[in-house]
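To start, the structure under review is shown below, and the notes come after it.
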2 protein chains.
Amino acid sequence: MDNSKNYQPGLSIDCVIFGFHDNQLKVLLIKTPYENKWSLPGGFIPLDQDIDTAAVTVLNKRTGMEGIFLRQFATFGKVKRNDEHFGKAVLEHFNIPEEAGKWFRQRFVTIGYYALVDFLQAVPQKGNQQEIIEWIDHKEVPELILDHAAILDKALDTLRTELNLMPVGYNLLPEKFTIPELQKLYETILDRKLDRRNFLRKITNIGILNKLDEKKSNVAHKAPNLYTFDKDKYEEVLKSGLNQGW
Amino acid sequence: MDNSKNYQPGLSIDCVIFGFHDNQLKVLLIKTPYENKWSLPGGFIPLDQDIDTAAVTVLNKRTGMEGIFLRQFATFGKVKRNDEHFGKAVLEHFNIPEEAGKWFRQRFVTIGYYALVDFLQAVPQKGNQQEIIEWIDHKEVPELILDHAAILDKALDTLRTELNLMPVGYNLLPEKFTIPELQKLYETILDRKLDRRNFLRKITNIGILNKLDEKKSNVAHKAPNLYTFDKDKYEEVLKSGLNQGW
DNA sequence: GTACATTGCGTCATAATAACACATTATGAT
DNA sequence: ATCATAATGTGTTATTATGACGCAATGTAC
């Protein structure tokens with residue numbers, strides 16, 4: 001493959017794909033052969049594709065899903081983010097000849113995107129047979145290659161801020177969900193407990209949830225009511241914003 | 001000049017430099033020879049410099065100032081953002097030979113930064129004798145090259161959001177300022193009137209302003225009190241955040 | 001002096017938030 | 001069946017934040 005003719009040079013995309021399961025905020029990671037470190041799913045930018053499109057492509061390829069919530073959050077371009085040893089190791093592992101390898105060993109700047117997906121809908125896709133791709137609790141992320149740890153941190157930081165500005169949580173839940181589930185999600189992302197009753201009032205007052213005439217089945221204790229997310233009302237809320245401030 | 005050896009290929013930096021004067025939020029723009037359109041100040045990324053450093057360099061060069069508030073806000077990478085006609089025109093204008101010009105005519109992705117500067121401290125610097133660089137009211141921005149209008153819009157949007165999350169306004173004012181001045185600034189950025197008395201209460205309650213024992217001189221009507229910004233207290237506020245939301 | 005514009009401080013009604021009480025529904029042990 | 005337990009659903013109250021407004025003080029223009 002001759003990347004130099006088909007891809008934007010020195011520029012890559014890395015995706016922080018979040019999922020929510022077992023009261024854990026999980027991140028989709030790929031195990032690399034390099035010192036057993038893990039990596040964010042990423043890719044390059046075809047010369048005839050918008051960077052956003054290239055990010056969507058990565059996401060499709062890795063989750064098998066379409067129409068996912070995806071947002072660019074930052075671009076990382078420290079000189080030192082590139083690791084000479086890592087570059088060499090990758091080339092050796094894939095048996096890429098020195099000449100073609102020059103493209104891979106140039107300095108790379110990477111654009112960070114984060115995605116919110118329904119854990120149960122997403123099916124992690126391997127790039128090849130040997131590859132290991134897994135959902136990992138964000139609190140137990142192993143060592144990552146390059147500056148991927150910093151990228152992940154920044155993504156989580158952005159997600160927390162976004163949560164205060166607009167209701168994005170539903171993207172991580174199935175179509176029908178309960179208020180307690182939504183609360184657990186908020187608590188997990190923000191990493192602190194919230195009061196049940198105040199949470200209910202605040203989240204329903206936003207006016208983007210539809211209460212269904214249906215309760216969750218097969219649960220211990222009292223069955224909680226099911227809700228769906230109202231996309232039309234959400235669009236309205238987006239315009240006015242959640243916490244105005246001024 | 002052989003850019004291909006010294007600069008990151010296909011990647012540029014554009015800075016939206018904001019200043020505040022005469023109750024106007026102004027943007028520093030450069031007039032180009034291309035159809036008399038204007039441009040954001042920008043630059044390329046030396047291979048041995050972090051992208052943030054490269055942005056600081058652009059800022060230093062254009063304002064003569066150091067230690068400026070500077071923040072990356074988005075990266076723009078649509079395929080169509082590059083304009084074939086524009087690329088040719090630039091090469092012809094600077095008399096760049098076809099071979100060396102290839103570097104300029106490749107696809108470019110650009111990283112957007114916005115800066116907040118004290119209008120009176122900044123001295124717009126020309127890149128060369130012919131160049132025209134000017135502060136222009138953000139409400140009267142002329143036609144811009146490429147997708148610079150979209151970049152500017154996004155910068156302003158980000159500034160408005162940031163204003164709700166943390167007190168950044170003081171960056172646009174001189175060291176000593178009055179509450180009415182600060183309010184005018186907020187009104188200009190947010191594009192709506194605020195109540196004097198409520199503004200005073202809210203802005204002082206944040207606890208990052210020091211009231212000086214000094215009034216503004218040579219003003220019509222009642223002389224307003226002068227304040228300074230308290231950087232230590234600001235750092236504390238940054239950690240907790242302004243509008244928590246949850 | 002008087003009219004006028006602007007600043008500084010205060011009041012009041014309303015809305016948003018935090019802390020907490022209690023009844024309801026379902027499970028599982030006895 | 002009864003009871004303890006655990007979760008959900010709804011309500012109450014005190015506190016705080018916000019929005020709308022009144023009024024005196026200060027300085028300019030005439």
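Chain letters run A, B, ... following the sequence lines, proteins first, then strands; residues in each count from 1.
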Taking every heavy atom of B:F20 against every heavy atom of B:L172, the minimum-distance pair comes out as CB-O, 4.0 Å
note: A:Q183, atom CD; D:dG9, atom P; distance rounded to Å ~ 11 Å
Between B:G169 and B:L163, the two heavy atoms sitting closest are N-CD1, 4.2 Å
Rounded to whole Å, the CZ-P distance (B:R196 to D:dT26) equals 15 Å
What residues 200-227 of chain B contributes to the DNA chain C interface at heavy-atom separation below 4.0 Å is B:R201, B:K211, B:H221, B:K222, B:P224, B:N225
Whichever of B:E181 and B:D195 has the more 5' nearest nucleotide on DNA chain C, that residue is B:E181
**OP:** Take the angle between the ring planes of B:F119 and B:H21 and call it parallel below 30°, perpendicular above 60°, tilted in between.
**Re:** parallel
Tested for salt bridge (Lys or Arg N to Asp or Glu O under 4.0 Å) against A:E131, the lone hit among A:K61, A:R62, A:K31 is A:R62
Subject >> Check: A:F199 ring centroid to A:Y186 ring centroid under 6.0 Å >> reply: yes
Outer limits of DNA chain C sitting under 4.0 Å from a non-hydrogen atom of chain A, read 5' to 3', are C:dT17 to C:dT27
Are A:Y234 and A:Y170 an aromatic pair by the rule of ring centers under 6.0 Å? yes
Review point. Just checking, any donor-acceptor pair under 3.5 angstrom between side chains of B:S39 and B:T32?
Key: no
Around A:E66, counting heavy atoms of other residues, nucleotides and ligands shown, do more than 12 lie under 6.0 Å from its CD? no
